[in-house]
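Here the structure is a predicted model, which means the values were calculated and not measured. This chain uses plain numbering: 1 for the first residue, then up along the sequence.
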Amino acid sequence: MKRREIVLAAVCVSMTGLCILLGVMLAASYRAIETLEQAAGRDADLLRQLEAAASVYRIGEPTPDGEEGRLDREYRAAMAEWSGNTLEGVAINLSFGDQWKEEMDAYYRLLNDALHEDRRQWLASSQEAWEVRANIDEELAWQVADQDHHGGTIMKLIESQIYLDRYRTRAKQLMELYGNFTSGI
């Protein structure tokens, strides 16, 4: 009988230890769930902040009904009113090119802020590679236009159009990346 009591006591101690262990694990699980819920709340808050910040910059994006963005509409309107004077056309292109550059920079910052630190290097590398490629493409476009038009004042207009297209294209790429990222695609 003594041996049976010892075995029963050992089983009770083991069961008690197991219950304590399970209790500790359950408490840790609840703390982990609570921590995850808090983190999810912070992430949701961060996403809302990023979306609010993005709404400031979305002047180049198409509207929800598919119409072109404000910058494109304003550019088309400015070009429709253009008198044909080369310097005026250059000024219009440079002005909108500068606005598209600001839009590109804004979306770059939004993406950079939204990405985890270990992913930001890819965005920086992409931007650097784009810069190199854009310079090459811009020079090629200029050379082709120069040969086609044999120089002259029209080249300033063409050069300003190349500048505008450069930043408009990259801004649209970054907008799409940011849109895909924030929509979960």
[X] versus [Y], closest heavy-atom pair with distance:
X: T153; Y: T86; answer: O-CG2, 3.4 Å
X: H149; Y: I154; answer: CB-CG2, 3.8 Å
X: L123; Y: N112; answer: CD2-N, 3.5 Å
X: Q99; Y: L71; answer: OE1-CD2, 3.0 Å
X: D113; Y: R120; answer: O-NH2, 3.7 Å
X: I162; Y: E138; answer: CG2-CG, 3.1 Å

Test item: [X] side-chain N/O and [Y] main-chain N/O as donor-acceptor pair under 3.5 Å:
X: S160; Y: L157; result: yes
X: S125; Y: Q121; result: yes
X: W82; Y: N85; result: yes

From Q127, M175, R109, residue fulfilling side chain to side chain contact (heavy atoms under 4.5 Å, CB included) relative to M104: Q127
Shared ILVMFWY cluster between [X] and [Y], side chains joined below 4.5 angstrom?
X: Y108; Y: F181; result: yes
X: L164; Y: V144; result: no
X: M155; Y: L140; result: no
X: V90; Y: W142; result: yes

E139 and Q143: side chain donor to acceptor below 3.5 Å: yes
I92 and F96, any side-chain heavy atoms less than 4.5 Å apart: yes
Validation row: Y75, R168 side chains within 4.5 angstrom (heavy atoms): no
side-chain contact (heavy atoms from CB on, under 4.5 Å) between L174 and L110, worked out: CA-CA 9 Å; L174 293 176; L110 286 170; over 6 Å; no
Could you measure the distance from the [atom1] atom of [X] to the [atom2] atom of [Y]? Nearest 0.5 Å is fine.
X: D146; Y: E159; atom1: CG; atom2: CD; result: 10.0 Å
X: L177; Y: K172; atom1: CG; atom2: NZ; result: 14.0 Å
X: Q173; Y: Y107; atom1: CD; atom2: OH; result: 14.0 Å

D137 and R166 ion-paired at < 4.0 Å: no
Carboxylate-amine/guanidinium contact R76 D72, below 4.0 Å: no
Stepwise side-chain contact (heavy atoms from CB on, under 4.5 Å) test for Y167 and E103: CA-CA 8 Å; Y167 291 110; E103 191 83 348; over 6 Å; no
NZ or CZ of R170 within 45° of W100 ring axis and under 6.0 Å: no
